[in-house]
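Here's the structure, in structure tokens; my notes come after.
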Amino acid sequence: MIDVLRLPLIGRILKHRRGRLALQVPFLLIALLLIYDGFTGTPLAAQNLATIVPWVHFRGFAILVLLLAGNLFCMGCPFTLPRTLAKRLSLSGRRFPRLLRGKWLSIGALLLLFFLYEWLDLWASPALTAWVIVAYFAASFVLEAAFSESAFCKYVCPLGAFNFVYSTAAPTRIGVHDADVCKSCVGRECLNGSYSPQPIILIDQIGVDGAPTKAHIHNKTGVPGCGTLLFAPQIQSNLDCTLCLDCVRACPHDNVGLFTRAPGAELTQPDAWHKRYDLSFLIIGLAFMGLLNAFGMIPPVYALMSDLIDALGLRALGWSGLALEGIALLTIFAGGGVVLPALLTFSAASAARALTRTTHRDSLRAALTAFAPAFVPIGAGFWLAHYSFHLWIGFFTIVPAFQAFLLDHRIGILGQPNWLLGGEPNLTLVGLLQTLALLGGFIGSLSVASRIALRLYRRGSFLGLLPWALLLLALMLVGLWVFGQPMEMRGALFD
Amino acid sequence: MPTLLTLLLLLTLVGCREPAPPTPTPAPDAPRLRLAVDPDPAAVGDAALLITLTTFDGQPIDGAQITVRGDMNHAGMQPVLSGGAESENGVYRVPFRWTMGGDWIVTITAVLPDGRQIVKTVDLAVRS
């Protein structure tokens, strides 16, 4: 294992006190530029940076970088900059409500974002996209001002939840060099924060009555501890790690590092993840939403929506096309993103328990949550196939859009925009790459599931694997069908 | 500080952006432009845009310079550019290619022989 932070140059840059800021500031400038162009630029999505950058480039690069390097987008997240300000303004210091401390809010936020994306055609509206970015800044600021931990990142942010899930397949993870150093660590600065930006230990002086006579309090020169409350020596997974590297900077023993590992190593590691329904359904749900999101872009979805509206008798109500479309989409999302994943995975877990005769040994929750990691590779395959399609065919569209933006401001240094830059994309090659992504994801999932089955059921592993393998196969076949359809980007149908 | 500088920079840009030209109210005697597609309904593949230019009282206008730009309403798709067609009886047949199914926004610009310019935007659904 290599500690990336001990590599020359890159390690120094990442560990530098302003290392994260160096990544965040460019992202912040881009976010502000997108808000500005979204509100003031052309309403044509194909020519506006506010729609091109997030829906074409950000999404495509995000999934690629997550799989190839790690959660660099959370590391560079600009929404956490006003969060830092909010933290300083915060007086309450209360923790996030216990009942909400799980992934259910994240799951709800993801469903809401995907639903709004389809319903309001966010991809076609620079202004609405700009509002989404503004809402992100506002939500991050408010939650951070109200609560002590990074509640927005850990419990709410849908993008963060997406990044957390697929960074579990990344080839890097935070860890410690020597666990014994952590056992004897008094301050646990990786969690609690350091008083100083330098790796030194400052100890409060306690008087004879037990009260401190000299206390070291956190100040502007200090380094915060982990915002999502992860304790470095106990980290087994990238889940909840925003890769902010605060733990690395805060550690007075220079014992925390960013280590390389086999991609997706934690997916087959026992006890790397909590056996919780919320966490499992975040992962499983994201795989299904990967299919749903792509399904929303192909012609059969319009026939299904129309059939649903007829079946529910909604046309007779005389509602607007937007309302009808909203109800149809909501039904599809509730069915395909909530009911179907729950039904199919509970069925698979029940079948596996029955086939392996472990009904009395394993609870249904244990049987289901154990296989949740198997949905990471196939989900990543769906998202990669979808987002890389947009990135591939629209890669160069940002160039003329930026040239046009500059010309709008009487800046001609980049010349006139060439809207046909890059030529026509090779759709056959794109289709081949999409198929490879789907097959790669399926094979990865099958491999993870078989190792989990072997661990859980030993001699009965084949029977324990069978229901899950069939479910994964069905998902992959549906994926091949969806991505084999011609793409058709349409807005509201029923106006 | 960087945030403050950025905000100041953006404020400057807001001041710099060229205001969009006001949408002109068509005069009663303004020329008329109509668009039809062939095949109809539009489907992915080669097609033709039939652009009809007439005076307000229905007389055909020939000899105009036509340019057409088709954008998908989704970001990240290359536009389709075309134009330069000859006319017959005020009808200009512009070769076009729908590169993907979905919603398209077709912007037609016609420069009339007398120098006047007409710009019309038409939303179209294209079948895949």
Side-chain angles (χ1 to χ4, degrees), chain A residues 21 25 28-29 32-33 35-37 40-42 44-57 60 81-82 85 121 123-126 129 297-299 390-391 393-398 400-401 405 407-411 419-425 485-491 493, chain B residues 1-23 41-46 67-83 96-109 119-128:
Chain A
L21 197 64
V25 168
L28 176 69
L29 291 175
L32 293 174
L33 177 71
I35 292 171
Y36 166 68
D37 204 28
T40 67
T42 171
L44 281 177
Q47 298 177 31
N48 194 302
L49 294 170
T51 30
I52 293 173
V53 175
W55 304 128
V56 177
H57 294 84
L81 283 176
L85 176 65
D121 304 334
W123 35 268
S125 172
T129 304
M297 309 279 160
I298 58 172
H390 290 296
L391 182 64
I393 65 169
F395 188 80
F396 289 103
T397 56
I398 192 173
F405 173 85
L407 286 174
D408 271 357
H409 297 87
R410 304 186 189 92
I411 302 169
W419 294 102
L420 303 180
L421 186 70
E424 274 195 36
Q485 300 289 312
M487 196 172 139
E488 195 169 285
M489 299 303 308
R490 286 163 72 173
L493 275 181
Chain B
M1 181 58 79
T3 311
L4 188 64
L5 284 174
T6 309
L7 287 173
L8 285 173
L9 179 68
L10 280 173
L11 285 174
T12 317
L13 281 175
V14 172
C16 285
R17 181 161 225 154
E18 291 210 20
T23 308
V44 170
D46 290 328
T67 53
V68 179
R69 177 190 172 113
D71 284 294
M72 289 210 72
N73 70 346
H74 188 288
M77 279 299 291
Q78 260 186 15
V80 176
L81 307 177
S82 191
F96 204 78
R97 199 159 77 83
W98 306 111
T99 50
M100 186 182 281
D103 287 344
W104 284 75
I105 302 155
V106 179
T107 307
I108 305 156
T109 305
V119 179
K120 183 162 183 172
T121 302
V122 181
D123 293 345
L124 270 171
V126 176
R127 290 180 181 176
S128 45

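Given the structure is predicted, the values throughout are model-derived calculations rather than measurements. Naming: A, B, ... by sequence-line order, numbering from 1 per chain.
- Partners of A/W419 under the ring-ring contact (aromatic ring centres under 6.0 Å, His included) rule, at least two apart in sequence or in another chain, do not exist in this structure.
- Below 30°, between 30° and 60°, or above 60°: for A/W123 and B/H74 the angle between ring planes is below 30°, a parallel geometry.
- The backbone N or O of A/L391 sits nowhere less than 3.5 Å from a side-chain atom of A/H57 that would complete a donor-acceptor pair.
- Residues B/T121 and B/I105 form a side-chain contact, since some pair of their non-hydrogen atoms from C-beta on lies under 4.5 Å apart.
- Contacts of A/Q485 with chain B are absent, with no heavy-atom separation under 4.5 Å from either backbone or side chain.
- The part of A/L421 that comes within reach of chain B is its backbone (N, CA, C, O), which places non-hydrogen atoms under 4.5 angstrom from that chain.
- In this structure, the portion of A/L44 lying under 4.5 Å from any heavy atom of chain B is its side chain and not its backbone.
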